[in-house]
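In what follows, a structure is listed as structure tokens, so that the remarks can point back to it.
Here the structure is a predicted model, which means the values were calculated and not measured. All residue numbers in this chain count up from 1 along the given sequence.
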Amino acid sequence: MRLALVCNEYPPLPSGGIGTFVHTLAPGLAARGHAVTVVGLGNEATERLEDGVRVVSLPGDTRRGLAGLRNRLRLQRWLRREGAQAPWDVVEVPDFQGMLPFRLPGTPVVVRLHLSATAIARQADQRAGLGTHLFERLTLQRHPDWIAVSQHASTLTQETFGLTPRSVTVQYYPVSPPTGRAQSLALPGRFWLYAGTLSRRKGALLVAEAAREALAAHPAHHLVFAGPSIQEAGEDTGETIRAIVGPRLAERVHLLGRLDRATLFAVMQAADALLMPSSLETFGLVAAEAMWCGTPVIATQAPPFTEYLEDGRTGILVPPDDAPALASALARLGAFPAWADALREASQAHIRQHFSLAATLTANEALYERLRENTPRRPR
């Protein structure tokens with residue numbers, strides 16, 4: 001099949017969940033013989049071949065005014081022009097930022113629900129920009145075939161926009177280890193890990209609150225944060241974390257900043273536990289990656305974690321916004337090492353069996369084939 005995947009953050013650009021996912025999916029599909037193009041907006045016009053994937057960057061318009069509309073029109077025109085030369089079998093676009101608010105007649109289009117900017121803002125009791133909200137809504141409305149990265153993502157999207165899709169398929173992220181070489185880092189002997197943007201909604205500040213009790217009770221342990229700090233309420237979240245922990249324990253708190261995937265995997269494999277009490281996830285890829293590494297995960301007792309993490313068997317679930325419960329979970333892991341080992345084995349076996357790249361590629365191929373068969377072709 002000839003496939004186009006829209007992605008503005010394809011590595012080596014700084015990437016979040018969408019870029020990481022597409023960077024895993026695209027080479028896997030190419031290795032199976034499909035002609036895969038990843039296209040997105042960047043600083044300049046570039047094109048390269050990487051791991052069998054054609055990677056195209058279109059120059060983004062940064063002028064004030066209608067730059068967002070012009071950029072989306074540029075993407076649509078490029079897809080139509082390329083499709084006129086050789087038809088696309090499927091075009092896939094993420095919901096985030098609504099990059100394809102226009103129709104592509106005769107071309108099957110599927111929207112993958114990662115987490116829209118509108119849903120993110122709504123969860124934080126804020127409002128997304130009017131243009132972003134409109135682009136996301138039109139992208140979902142005009143392309144009503146969706147792939148949700150969890151049941152939670154499907155439900156949240158339908159509630160946020162008041163839309164009902166023509167079809168929606170739940171397809172979890174695949175977990176696949178990186179192929180690059182990890183950086184050499186000076187890590188403490190024993191530590192708990194937080195991985196992700198250092199934000200309140202992601203649970204970073206809650207981890208710092210729990211650490212005051214946990215670090216005091218476990219003098220051999222340290223706390224490691226892997227992820228960029230941001231500005232919240234006018235303050236750097238890294239500095240906020242150190243202030244929450246307090247000067248007496250601050251020397252056992254390590255802020256590593258953003259890490260590449262290979263290095264993050266190495267850090268996860270060395271950690272005693274991953275702490276992910278986030279309230280802003282549609283899947284929680286980092287949690288699944290830690291499970292793949294055999295690292296016990298402590299996550300929020302809420303979707304999406306409850307869809308694939310069984311409390312007490314493949315991980316630990318704690319109530320939302322409950323720092324004492326988080327500290328208690330760490331104490332239980334330390335008090336019952338045999339149970340911690342059982343968590344490692346069960347979580348690793350579960351993820352490797354049900355969230356493999358091979359299974360995801362097969363499911364994607366079947367879905368793309370259905371979309372291709374059910375979309376009337378426009379005469380060339």
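Under the side chain to side chain donor-acceptor pair (under 3.5 Å) criterion, Asp145 pairs with Arg166, Ser167, sequence neighbours left out. For Phe305, there are no ring-ring contact (aromatic ring centres under 6.0 Å, His included) partners two or more places apart in sequence or in a different chain. Partners of Asp236 under the side-chain contact (heavy atoms from CB on, under 4.5 Å) rule, at least two apart in sequence or in another chain, are Ser229, Gln231, Glu239. For the side chain to side chain donor-acceptor pair (under 3.5 Å) test, no residue two or more places apart in sequence or in another chain qualifies with Ser199. Arg32 pairs by the side-chain contact (heavy atoms from CB on, under 4.5 Å) definition with His34, Ala358, Leu361, Thr362, Glu365, not counting sequence neighbours. For His143, the ring-ring contact (aromatic ring centres under 6.0 Å, His included) test picks out no residue, with sequence neighbours left out. Here Tyr173 pairs with Phe21, His114, Phe283 under the ring-ring contact (aromatic ring centres under 6.0 Å, His included) rule; sequence neighbours left out. With sequence neighbours left out, the side-chain contact (heavy atoms from CB on, under 4.5 Å) criterion links Ser176 to Thr24, Leu357. With sequence neighbours excluded, no residue satisfies ring-ring contact (aromatic ring centres under 6.0 Å, His included) with His152.
Residue pairs satisfying the salt bridge (Lys or Arg N to Asp or Glu O under 4.0 Å) criterion with at least one member in residues 283-293, sequence neighbours excluded, are listed as follows: Arg261-Glu289. For residues 172-192, every residue pair satisfying the salt bridge (Lys or Arg N to Asp or Glu O under 4.0 Å) rule, not counting sequence neighbours, is listed here: Arg190-Asp272. For residues 223-251, the set of pairs meeting the ring pair (Phe, Tyr, Trp, His ring centres under 6.0 Å) definition, not counting sequence neighbours, comprises Tyr194-Phe225.
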Glu281 vs Lys202, salt bridge (charged side-chain N to carboxylate O under 4.0 Å, His left out): CA-CA, chis, key distance, verdict: CA-CA 8 Å; Glu281 305 294 332; Lys202 286 279 190 178; 2.8 Å; yes
Side chain to side chain donor-acceptor pair (under 3.5 Å), that's the test. Do Glu136 and Thr118 meet it? Break it down for me. CA-CA 8 Å; Glu136 290 181 339; Thr118 302; 2.6 Å; yes
